[in-house]
> 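Have a look at the structure that comes next, please.
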Amino acid sequence: MANMPSIPKGTRDFSPAEMLRRKYIFRTIEAVFQKYGFLPLETPAMENLSTLTGKYGEEGDRLIFKVLNSGDAWRSVSGEVREMLTKGEEVHPGRLAGELSEKALRYDLTVPFARYVVQHRNEITFPFKRYQIQPVWRADRPQKGRYREFYQCDADVIGSKSLLNEVELVELIGDVFAALDLQVVIKVNDRKVLSGIAEISGQPERVVDMVTAIDKLDKIGREKVEEEMRTKGITDAAISEIAPLFELEGTWMEQRPKLEQWLASSTIAQEGLRNLSTIFNAVGTRNGATLEFDPTLARGLDYYTGAIFEVKSQEGNMPGSICGGGRYDDLTGIFGLKDMSGVGISFGADRIYDVLLETNKFPAELGGSTRVLFANFGEKEAIHCLKLLRTVREAGIAAELYPDPVKMAKQFKYADDKGISFVAIIGENELKQGIVTVKEMKSGEQKAVKEEDLLSIIS
RNA sequence: GUGGAUGUAGCUCAGUUGGUUAGAGCGCCGGAUUGUGAUUCCGGAGGUCGCCGGUUCAAGCCCGGUCUUCCACCCCA
């Protein structure tokens, strides 16, 4: 174990068995995306650092993987900074990183998408619906269900303000998890309702602090939430104005009248409530997933401005969300394109994988493995098998010939380890008689048939 | 980024108050069976005990540092 090679922290290898399961998730999601009219898009692993910085908040900037400038990176450092360093003065780490690096690995798929839309605005027909399934990187500290390299599966519609898009996305989420046979709850809220609550409290400028505290309600309880708001400098008066929020319970239909009354004086809150009403009415109860209003749902306040979603599994032990999204009114504004409202969702494939594995929801037959292995008895027999191999493959059956004429035990073990269903044996005897001995690995049963009957046995 | 735990064979883990040659199960390789895997029996290989340094006559075990993995926080998929 002395010089065993390894991979960077928070990254993973995926074995063939794992890849078959991962591919199953990806193709399920992709098929649903396409069914809803989304088309594929890919963007580079690296973006210009300036494209990414400042888009994910202060915390997010720290988590962006920067790529060191190629060649002698030191040469790109400005004279001013060099001087400071040689004098032993402290340089802000962000500033130094900015001088040593001009590229970074993408942190999510949404910002590169916004960049793409702005850059190609004249070629795109709006509303533009794209999906994107690619890895993203975060310099976070790894934990269960948290990796430094992981895949996101995004679908966004940009260039349409219609709430029908939100409705469609809710239906899409329902379809994906129905196809994966997983019971989930889709939580919804509207950022405008949260803004309205901040407005009512008298400290509208503190929405973010308020909401990040409120978001932890089910985790740390009401008292700790209020304590956190206090330490963040929110006044006691404001906190007591927020109080009704903690007393809300029940379904959307039950909560809605209370919210309307409580937030009557806030026009923005009323708009949010109307949006939610539209979504709830249109979605109804038609798909398997439960749609639930959650006034304490916050997420992604950096760019979300309207509806927000989060999906949690009702099966298994995954604490985090397995899918999330929302509406953003001005994502492209920072790149100079105004008035481009969009709404999107992102599936966390890695977490979905963990849930499906834990709850044993992967289909038994994932395909991908060979159905029949031709044993190799030597050059003459092997050459003869090539003809049969072609016939079997032309019938659409995955088949392979063991490449070396090694002893049978090894060839059978190969078939067993690889989960191959049948082994076709053509040795000296079979060759002479024009037959093939076929063994079914699972039952251990074996019979000799004419070569032309091989297909009917293995298919 | 803050705090805590962890690391012994390919994998999962034993290893006494510091004391001779560090063990087991599984896996791997070979044989029993020169045409049969999964099952059975027999045999074998494989470890600078994460890495660097320190204490000691003596370190897998004690101390310091470092890296990894895991847990909590922060944040998030």
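Every chain is numbered from 1 and lettered A, B, ... according to where its sequence line falls, protein lines coming before strand lines.
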> Salt bridge (charged side-chain N to carboxylate O under 4.0 Å, His left out) for A:Lys224 and A:Glu228? Distances and angles first, verdict last.
CA-CA 6 Å; A:Lys224 296 243 172 157; A:Glu228 183 175 324; over 6 Å; no
> Just to be sure I understand the rule, does A:Ser346 reach a base, reach only the sugar-phosphate, or reach nothing, if contact means heavy atoms closer than 4.0 Å?
nothing
> Does any donor-acceptor pair link the side chain of A:Arg351 with the base of B:rC76 at a separation under 3.5 Å?
yes
> If you look at every strand shown and take non-hydrogen atoms under 4.0 Å, does A:Asn429 touch a base, only sugar-phosphate, or nothing?
base
> What I want to check is whether an N or O donor and acceptor connect the side chain of A:Gln411 with the base of B:rU36 at under 3.5 Å.
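Side chain to base: no pair below 3.5 Å.
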> Side-chain donor or acceptor of A:Gln446 under 3.5 Å from a matching atom on the base of B:rG35?
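It does not, because no donor-acceptor pair links the side chain of A:Gln446 to the base of B:rG35 below 3.5 Å.
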> Pick base, sugar-phosphate or nothing for A:Gly444, based on heavy-atom distances below 4.0 Å to the nucleic acid.
base
> When you check the phosphate oxygens OP1 and OP2 of B:rA72, does a side-chain N or O of A:Gln143 lie under 4.0 Å from one of them?
yes
> What is the pairing partner of B:rU66, taking Watson-Crick or G-U wobble pairs with both distances under 3.5 Å in any strand?
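B:rG50 is the nucleotide pairing with B:rU66.
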> Between B:rG27 atom P and A:Lys413 atom NZ, what is the distance in whole Å?
9 Å
> Just call it for A:Ile352: base, sugar-phosphate, or nothing, with non-hydrogen atoms closer than 4.0 Å on any strand.
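No contact.
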> Can you find a donor-acceptor N/O pair under 3.5 angstrom joining the side chain of A:Arg141 to the base of B:rU2?
yes
> May A:Phe150 be described as stacking on the base of B:rA77, applying a 5.5 Å centroid limit and a 30° limit on plane angle?
yes
> With respect to the phosphate group of B:rU33, does any side-chain polar atom (N or O) of A:Lys407 fall under 4.0 Å of OP1 or OP2?
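No.
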> Give A:Asp417 one of three labels, base, sugar-phosphate or nothing, depending on what nucleic acid heavy atoms sit under 4.0 Å from its own.
nothing
> Using atom CD of A:Glu310 as one end and atom C1' of B:rA77 as the other, report the distance to the nearest whole Å.
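Atom CD in A:Glu310 sits about 10 Å away from atom C1' in B:rA77.
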> When all nucleic acid strands are considered with a 4.0 Å heavy-atom cut-off, which category describes A:Tyr147: base, sugar-phosphate, or nothing?
base
